[in-house]
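Take a look at the structure set out below.
FYI, side chains are in, hydrogens and waters are out, and symmetry mates aren't considered; it's all heavy atoms of this structure.
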Amino acid sequence: TALPMAGLALVLGVGGALAIHSIVEAVNDRLLGASARSVAETLEVEDGDITLDLPPWALGMLENSARDNIYYNVYDGDRLITGYPNLPPPPRSALADQRTTFRYGHYRGQPVRIAAEARRLPRVKELVVVQVAETLEARTALSRRMLIQLVLLEVALLGLAAFLIPIGVRWGIAPLTRLRRGMDARSAADFTPLPLADVPRELRDLLTAFNS
């Protein structure tokens, strides 16, 4: 019994960990992508130059208790317009107009999650790419808390199962126990048929043959 329960706990743990990673990534990517889109929506072309008005709340929405570092930049093709250098844009093959792409990377020695929003602007030949990057402290902390809660839940479920399984087994074999006691109490000359009413269905054919 212990081995199947341990296997089930392992399967649930792995599945739960994958689900937690997916949920945490989806929630945080939604904010990261919204921040990149907010910056991209301010892009304009004035007198042949690309301009943008960086709203304070566009990056402020990413503030969290873990105090993650936030970086951004804007590229016109391979030319950096503004923002942090050395945060290269994604390959052109990974970009699509009006669609936010995400990837992991490293910047200033730290792992980051990067959202890239590509836009085509009038009279601009190359794609204009807005990038917003965020370090991963908040994601890691949230995943760790959820994993701890998952482990505690699994431990509680295993403990409950370990408590209930012996009770269930005793309840399941109770009819057999009563039958054995009844047979032990009979004299050798007692040929009264054994009762079938409280016997498990799987044993009725056997007892019928025994009675015959």
Side-chain angles (χ1 to χ4, degrees), residues 12-151:
L12 291 176
V14 172
L18 293 175
I20 286 172
H21 174 76
S22 177
I23 291 170
V24 170
E25 186 170 90
V27 170
N28 285 274
D29 279 357
R30 185 180 295 273
L31 288 174
L32 192 63
S35 179
R37 284 191 296 273
S38 298
V39 176
E41 287 171 358
T42 69
L43 292 171
E44 294 182 356
V45 179
E46 296 181 0
D47 299 327
D49 294 326
I50 299 172
T51 64
L52 74 155
D53 180 17
L54 185 64
W57 51 265
L59 301 180
M61 69 173 69
L62 298 175
E63 292 181 356
N64 53 59
S65 58
R67 298 187 179 278
D68 278 305
N69 294 325
I70 310 298
Y71 310 102
Y72 80 96
N73 60 24
V74 180
Y75 275 93
D76 173 17
D78 295 326
R79 181 174 66 90
L80 178 67
I81 298 175
T82 184
Y84 291 83
N86 303 322
L87 182 64
R92 285 292 180 264
S93 59
L95 292 173
D97 294 354
Q98 307 295 326
R99 186 168 65 86
T100 309
T101 60
F102 298 92
R103 72 187 192 277
Y104 286 101
H106 281 80
Y107 187 67
R108 295 185 174 180
Q110 291 181 298
V112 293
R113 181 70 166 169
I114 308 169
E117 180 86 7
R119 295 291 175 90
R120 287 205 176 273
L121 300 180
R123 301 182 301 280
V124 176
K125 181 180 179 181
E126 298 285 350
L127 279 174
V128 179
V129 180
V130 174
Q131 293 193 121
V132 179
E134 179 184 37
T135 53
L136 307 179
E137 281 81 1
R139 296 179 185 231
T140 302
L142 179 58
S143 295
R144 186 182 300 114
R145 288 197 301 270
M146 295 179 70
L147 284 172
I148 291 174
Q149 292 171 359
L150 175 64
V151 170

Student check: side-chain heavy atoms of Glu41 and Glu117 closer than 4.5 Å: no
Arg103 atom CZ: more than 12 heavy-atom contacts under 6.0 Å: yes
Side-chain touch Asn28/Arg113, heavy atoms, less than 4.5 angstrom: no
Check: Val74 and Leu43 side chains under 4.5 Å, non-hydrogen atoms: yes
Test side-chain contact (heavy atoms from CB on, under 4.5 Å) applied to Leu87 and His106, Arg108, Gln131, the passing residue: Gln131
Straight-line distance of Ile70 CD1 to Tyr84 OH, nearest 0.5 Å: 9.5 Å
Atom pair CG/CD1 of Leu147 and Ile20 - distance to nearest 0.5 Å: 4.5 Å
Spatial distance of atom OG1 (Thr135) from atom CD (Gln110) [nearest 0.5 Å]: 5.5 Å
Note, Arg37 side chain near Thr100 side chain (heavy atom, < 4.5 Å): yes
Side-chain touch Ile114/Tyr71, heavy atoms, less than 4.5 angstrom: no
Contact check, side chains of Tyr107 and Asn86, non-hydrogen atoms, under 4.5 Å: yes
From Arg139 atom CZ to Leu32 atom CG, the distance as rounded to the nearest 0.5 Å: 6.0 Å
Beyond-backbone contact of Arg120 with Leu127, side-chain heavy atoms, under 4.5 angstrom: yes
Option among Asp29, Asp68, Asn69 that satisfies the side-chain contact (heavy atoms from CB on, under 4.5 Å) test with Glu134: Asp68
side-chain hydrogen bond (donor to acceptor under 3.5 Å, both in side chains) involving Arg79 - partner list, sequence neighbours excluded: Asp76
Met146 vs Leu150, side-chain contact (heavy atoms from CB on, under 4.5 Å): CA-CA, chis, key distance, verdict: CA-CA 6 Å; Met146 295 179 70; Leu150 175 64; over 6 Å; no
